Amino acid sequence: MNNDVRNLVYAILYKDSKTIKAYTKVLLLNDNTSKDSAFVKSALTYLEEHENTLKEVPHDVKGLITCEDLRDSFLVNRHYFRKDEEYIVNKVVTLHKVAQKLEDKKIHFTNSLMLHGESGTGKTTLGRYIAYKLNLPFIYLNFSNVISSYLGSTQKNIQKVFDYIRDIDCVLMLDEVDAIGLRRGTEDVGEMSRVVIGLMQCLDNLPNNVTIIGATNRIDMIDTALLRRFTLKQEVKRPSSREERYKYVSTFLDDIQFNYNKDALLKYCEQDKTQAEIINDMIISLAEYMATLV
Ligand SMILES: Nc1ncnc2c1ncn2[C@@H]1O[C@H](COP(=O)(O)OP(=O)(O)OP(=O)(O)O)[C@@H](O)[C@H]1O
Ligand SMILES: [Mg+2]
């Protein structure tokens with residue numbers, strides 16, 4: 001038995017899926033025999049294709065998070081992202097590569113971005129877009145859901161999620177982070193402070209392969225020490241002009257190849273609205289139009 005096989009056995013015993021994959025790859029690449037060449041080729045292809053496939057979500061974590069492979073389900077051509085949004089997304093993508101390089105040098109770095117801004121401006125959508133661009137699984141944790149009526153188990157639930165994701169290359173979205181802050185002063189302050197501290201410890205112990213996207217529409221409610229854990233911060237705003245509002249609708253309608261009256265659409269776009277309102281209005285109009293055809 002050589003060292004690679006020994007390491008693989010240890011990885012299996014310790015149930016460390018990342019290392020299992022790494023040593024399986026090493027063993028396959030080291031096999032140059034012609035009798036195994038077809039097997040090696042197909043196994044390497046399988047490994048590559050399933051690199052980011054999620055392992056089975058443990059029973060006690062299932063209700064806390066949702067996991068999505070966005071490669072086919074995120075309809076990128078239906079979305080319009082502004083220049084500042086594309087810029088921050090590219091920055092996160094670059095920092096993901098940097099985080100991997102730092103990991104090789106055993107330097108801890110968490111690639112993290114806090115998105116903030118009013119409701120319906122596309123924070124969650126931007127988080128999904130980042131996972132799509134990184135070609136990584138999107139793991140979604142909503143703090144409003146995780147804060148159970150039993151405050152005492154909130155911290156345990158957060159810990160369970162972080163234990164599960166730590167050996168998956170993924171984007172973990174921590175949505176509605178303010179749900180932790182909002183309870184301050186109204187509930188058991190001590191307990192919630194412990195939850196915030198617990199979350200900060202989870203973030204500090206994360207391996208570099210997890211990208212964290214936080215989102216909130218109450219950045220003022222977020223503990224400053226927690227906020228400091230996020231390397232990047234970006235405000236997500238409602239569209240500022242008629243032309244920008246037009247972009248959201250026209251990008252969608254062009255993608256579904258729907259013929260629309262440009263002047264009528266521009267007229268609608270004179271109203272000040274959020275992304276959520278614009279897309280909702282458009283879908284309702286579309287449904288009304290379709291109803292006339294059936
Ligand atoms: N970049 C975009 N391109 C097209 N549509 C978008 C975009 N961003 C958001 N939308 C539309 O707006 C809706 C609301 O977006 P989203 O849920 O991401 O907002 P949010 O900021 O997370 O809101 P909340 O704070 O209420 O959770 C989406 O479901 C989508 O229809
Ligand atoms: Mg949201």
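Order of appearance sets the numbers: ligands from 1, and atoms from 1 within every ligand. What you see is a predicted model; the values in this text were computed from it and never measured.
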Using a 4.0 Å cutoff against the non-hydrogen atoms of Asn217, which atoms of ligand 1 qualify?
25 (O)
Indicate, as side chain, backbone, both or neither, the part of Thr121 found under 4.0 angstrom from ligand 1 when only non-hydrogen atoms are considered.
both
Confirm or rule out an N/O/S atom of Ser119, from backbone or side chain, lying less than 2.8 Å from the Mg ion (ligand 2).
no
Separation between NZ (Lys25) and CG (Asn30), nearest 0.5 Å, reads 12.5 Å
Between Asp169 and Asn209, a side-chain donor and acceptor under 3.5 Å
yes
protein heavy-atom neighbour closest to atom 14 (C) of ligand 1 works out as Ala276 CB, 3.6 Å
Regarding Glu68 and Arg128, does a basic nitrogen lie under 4.0 Å from an acidic carboxylate oxygen?
yes
among protein heavy atoms, the one nearest atom 1 (N) of ligand 1 is Tyr80 O, 2.7 Å
Distance to 0.1 Å, residue and atom name: give those for the protein heavy atom nearest to atom 26 (O) of ligand 1.
Ser119 OG, 2.5 Å
For Asp254 and Tyr260, which I'm curious about, is there any donor-acceptor pair between the side chains at under 3.5 Å?
yes
Short question: side chain of Asp255, backbone of Thr251 - any donor-acceptor pair under 3.5 Å?
no
Going through the checks in order, is the side chain to side chain contact (heavy atoms under 4.5 Å, CB included) test met by Thr33 and Asp36?
CA-CA 6 Å; Thr33 59; Asp36 285 334; 3.4 Å; yes
Do Arg78's NZ or CZ and the ring of Phe252 fall within the cation-pi criteria of under 6.0 Å and 45°?
yes
Quiz question: by atom type and distance under 3.5 Å, do the side chains of Thr121 and Gln275 form a donor-acceptor pair?
no
Report the nearest protein non-hydrogen atom to atom 20 (P) of ligand 1: residue, atom name, distance rounded to 0.1 Å.
Lys123 N, 3.5 Å
Quick one: nearest non-hydrogen protein atom to atom 10 (N) of ligand 1, plus distance?
Gln275 CB, 3.9 Å
Using a strict 4.0 Å cut-off to heavy atoms of Ile279, name the atoms of ligand 1 that fall inside it.
5 (N), 11 (C), 31 (O)
For ligand 1, which atoms sit closer than 4.0 Å to a heavy atom of His79?
2 (C), 3 (N), 4 (C)
Interatomic distance, Leu199 atom CG to Thr154 atom OG1 [nearest 0.5 angstrom]
11.5 Å
Validation row: Leu172, Ile213 side chains within 4.5 angstrom (heavy atoms):
no
Find all atoms of ligand 1 within a distance of less than 4.0 Å from any non-hydrogen atom belonging to Thr124, and give their numbers and elements.
18 (O), 22 (O)
Measure from the side-chain N and O atoms of His116 to the backbone N and O of Lys233, and report whether any donor-acceptor pair falls under 3.5 Å.
no
Might you check, step by step, whether the distance between atom 22 (O) of ligand 1 and some protein heavy atom is under 4.0 Å?
yes
Ligand 1 versus Tyr129, non-hydrogen atoms closer than 4.0 Å: side chain, backbone, both, neither?
neither
If you measure every N or O of Gly120 against every N or O of ligand 1, does any of those distances drop under 3.5 Å?
yes
Quick one: look up the protein heavy atom nearest atom 19 (O) of ligand 1 and list residue, atom name and how far away it is.
Gly122 N, 3.0 Å
heavy-atom search around atom 29 (O) of ligand 1 in the protein gives Thr125 OG1, 4.6 Å
Can you name the atoms of ligand 1, numbered from 1 with element, that are less than 4.0 Å from a heavy atom of Phe81?
1 (N)
Atoms of ligand 1, numbered as shown, that sit under 4.0 Å from any heavy atom of Tyr248:
1 (N), 2 (C), 3 (N), 4 (C)
